[in-house]
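Down below is the structure, laid out as structure tokens.
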Amino acid sequence: LIFDPPRSPILYQYGGGFPTFLAALPDLGGHHYLPDIAAFEWALNLAEHAEDVDLLRPEDLPDAIEEMTFTLHPSAQRLSTPFPVSEIWQVHQPESPAVERIQLAGSSERLLVWRRGITVCWHKLNHGEDRLLAELANGVPLDAAMQAAGAHEDFDFPASFSWMLDGGVFARPPATQPDQSSQL
């Protein structure tokens with residue numbers, strides 16, 4: 001096995017290679033979800049330490065937003081896993097209620113991890129939401145991203161866009177940010 005030693009003296013930057021290290025182990029004792037749990041915890045860590053930016057607000061949106069491109073918050077990361085990693089992680093937190101058994105088979109998740117203010121958040125994405133965020137992250141205008149996401153039956157654009165906007169998933173475009181030089 002190849003160990004990936006830290007390349008920085010900054011403690012929160014340690015661990016990025018741990019999911020890959022776990023995945024390379026020949027035997028995880030039946031705990032095949034461990035690399036995905038490590039990836040989820042790494043995403044939580046990255047979100048916590050991501051750059052602070054202003055959030056997109058409803059009043060920042062123009063009347064015609066169809067051709068607008070959206071920038072995800074720097075902390076936003078999408079994860080896809082065949083395991084219910086958010087549930088596994090949650091039941092192992094202090095003061096979590098005891099759970100008899102977690103169903104691993106057929107419990108895949110698509111997750112969005114991001115930070116709003118000082119709070120790290122995650123949300124289970126449906127197929128359409130995951131596709132919408134993937135398209136937007138690639139610079140696709142909203143109208144085309146909606147069309148791509150709309151191919152999935154589980155996609156409800158108004159509901160999805162609402163929680164994303166209210167939840168602070170999008171960064172405010174530079175053109176709508178206040179001029180910092182006039183505040184000095």
Exercise. Determine whether the side chains of Glu41 and Trp89 contain a donor N or O and an acceptor N or O closer than 3.5 Å.
Key: yes
Quiz item: Using a distance-only test with no angle check, is there a side-chain donor-acceptor pair under 3.5 angstrom linking Glu109 and Thr81?
Solution: no
Roughly how far, to the nearest 0.5 Å, is the [atom2] atom of [Y] from the [atom1] atom of [X]?
X      : Y      : atom1 : atom2 : value
Trp122 : Leu111 : CH2   : CG    : 9.0 Å
Leu61  : Arg57  : CG    : CZ    : 10.0 Å
Phe70  : Arg172 : CZ    : CZ    : 14.0 Å
Ser160 : Asn126 : OG    : CG    : 5.5 Å
Leu55  : Asp166 : CG    : CG    : 11.0 Å
Cys121 : Arg115 : SG    : CZ    : 10.0 Å

If I compare all heavy atoms of [X] with all of [Y], which pair ends up nearest, and what's the gap?
X      : Y      : answer
Pro62  : Met68  : CD-SD, 3.6 Å
Arg78  : Asp130 : NE-OD1, 2.7 Å
Ala145 : Val140 : N-CG1, 3.6 Å
Phe155 : Met146 : CE2-O, 4.2 Å
Arg116 : Gly168 : NH1-N, 3.1 Å
Val120 : Ala47  : CG1-CB, 4.0 Å

Exercise. For His123 and Leu125, indicate whether the former's side chain and the latter's backbone hold a donor-acceptor pair under 3.5 Å.
Key: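 Between the backbone of Leu125 and the side chain of His123 there is no qualifying donor-acceptor contact (under 3.5 Å).
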Self-check item: Check: His32 side chain, Leu28 main-chain N or O, donor-acceptor pair, under 3.5 Å
Solution: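 A pair under 3.5 Å: no.
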Looking at side-chain heavy atoms only, is the closest gap between [X] and [Y] below 4.5 Å?
X      : Y      : answer
Thr20  : Pro35  : no
Leu133 : Val169 : yes
Ile102 : Pro84  : yes
Pro82  : Asp36  : yes
Glu129 : Met164 : yes
Leu142 : Thr69  : no
Glu66  : Pro141 : no
Phe170 : Val53  : no

Quiz prompt | Listed partners of His49 passing side chain to side chain donor-acceptor pair (under 3.5 Å), at least two apart | solution =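 Side chain to side chain donor-acceptor pair (under 3.5 Å) list for His49, sorted by chain: Asn45.
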Quiz prompt | side chain to side chain donor-acceptor pair (under 3.5 Å) involving Asp154 - partner list, sequence neighbours excluded | solution = His127
Quiz item: What do the steps show when you test Glu135 against Asn138 for side-chain contact (heavy atoms from CB on, under 4.5 Å), and what is the final call?
Solution: CA-CA 5 Å; Glu135 297 290 328; Asn138 286 323; 5.7 Å; no
Self-check item: CD (Gln93) with more than 12 external heavy atoms under 6.0 Å
Solution: yes
Quiz item: Heavy-atom count around Glu59 CD within 6.0 Å, excluding the residue itself: above 12?
Solution: yes
Practice problem: Hydrophobic side-chain clustering at under 4.5 Å (ILVMFWY, transitive links): who's grouped with Leu46? Put none if nobody. | Solution: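 Besides Leu46, the hydrophobic cluster comprises Trp42, listed by chain and residue number.
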